[in-house]
Undergrad: 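A single structure is presented below for examination.
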Amino acid sequence: MSYPFDAPYDCDRCPRLRSFLEEKKLELPEYYNGPVPSFGDSDPQLLVVGLAPGLHGANQTGRPFTGDWAGDLLYAALAEYGFSNDKYDKHAKDGLKLHGAMITNAVRCVPPQNKPVGAECNNCRPFLTDQIEALPSLKVIMTLGKISHDNTVRAMGLRLKDYPFGHHKTYDLPDGKTLISSYHCSRYNTNTRRLTEEMFYEVFADIRERLG
Ligand code: URA
């Protein structure tokens, strides 16, 4: 399922990402290989914004963070803080349902080496702007990593210098929403202990407290 604010499957805004996906369709035809649609509650209070689909995770399964290393930590935290039915099992037909939360990515297509370039972030940003505007109950936006954070700030028409990224930095935005950033729950960040499970759960505890 996809939402009106998601990128269309045949989106061609980014030539490099489009040709990477075309290559992957030949190499890995059983994979989703398209802009990964947002997943979760259609009327969420919480929007989690990741970076971009992982090649063998979200790009394979067609669901954000699903099958990715980062998804193990993210979906466990969502379950722990009451945002899901706790059925995550690394594939899109596991029966997982989110309650009050939706997940998306700043860049909707898998980028080579997991690194989108600035122009790709810019091309994809209107989807995030439309999404934030289309969610009437949205109260908290959680961004994972600096690229996601900066894209979200810009998607909301705000200035980066007024909202610098930092782990567990919390901003009350002019429109009444709250922006909370976290280090990305990537394998690299968790292996190096830049982000521990405890640090990640503290951010979720804060979000849960704000949403009641
Ligand atoms: N999978 C996603 O969908 N997004 C990320 O940021 C990382 C893994």
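Note that ligands are numbered from 1 as they come in the structure, with each ligand's atoms numbered from 1 the same way.
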Undergrad: Check whether more than 12 heavy atoms from other residues, nucleotides or ligands sit under 6.0 Å from atom NZ of Lys87, and answer yes or no.
TA: no
Undergrad: Any donor and acceptor pair, going by atom type alone, linking the side chain of Ser148 with main-chain N or O of Lys146 inside 3.5 Å?
TA: no
Undergrad: Measure the acute angle between the ring planes of Tyr3 and Phe5, then classify it against the limits of 30° and 60° as parallel, tilted or perpendicular.
TA: parallel
Undergrad: Would you be so kind as to tabulate the donor-acceptor pairs closer than 3.5 Å made by side chains of residues 130-141, with sequence neighbours excluded?
TA:
from: Gln131; atom 1: OE1; to: Arg108; atom 2: NH2; distance (Å): 2.9
from: Gln131; atom 1: NE2; to: Ser38; atom 2: OG; distance (Å): 3.1
from: Ser137; atom 1: OG; to: Asp43; atom 2: OD1; distance (Å): 2.8
from: Ser137; atom 1: OG; to: Asp43; atom 2: OD2; distance (Å): 3.1

Undergrad: Give a yes or no on whether Leu195 and Ile103 share a hydrophobic cluster (residues Ile, Leu, Val, Met, Phe, Trp, Tyr; joining criterion: side-chain heavy atoms under 4.5 Å apart).
TA: yes
Undergrad: In terms of the angle between their ring planes, are Tyr171 and His149 parallel, tilted or perpendicular, with boundaries placed at 30° and 60°?
TA: tilted
Undergrad: So which protein residues pack against ligand 1 under 4.0 Å, heavy atoms counted?
TA: Gly50, Leu51, Ala52, Pro53, Gly54, Ala58, Pro64, Phe65, Asp68, Asn105, His184
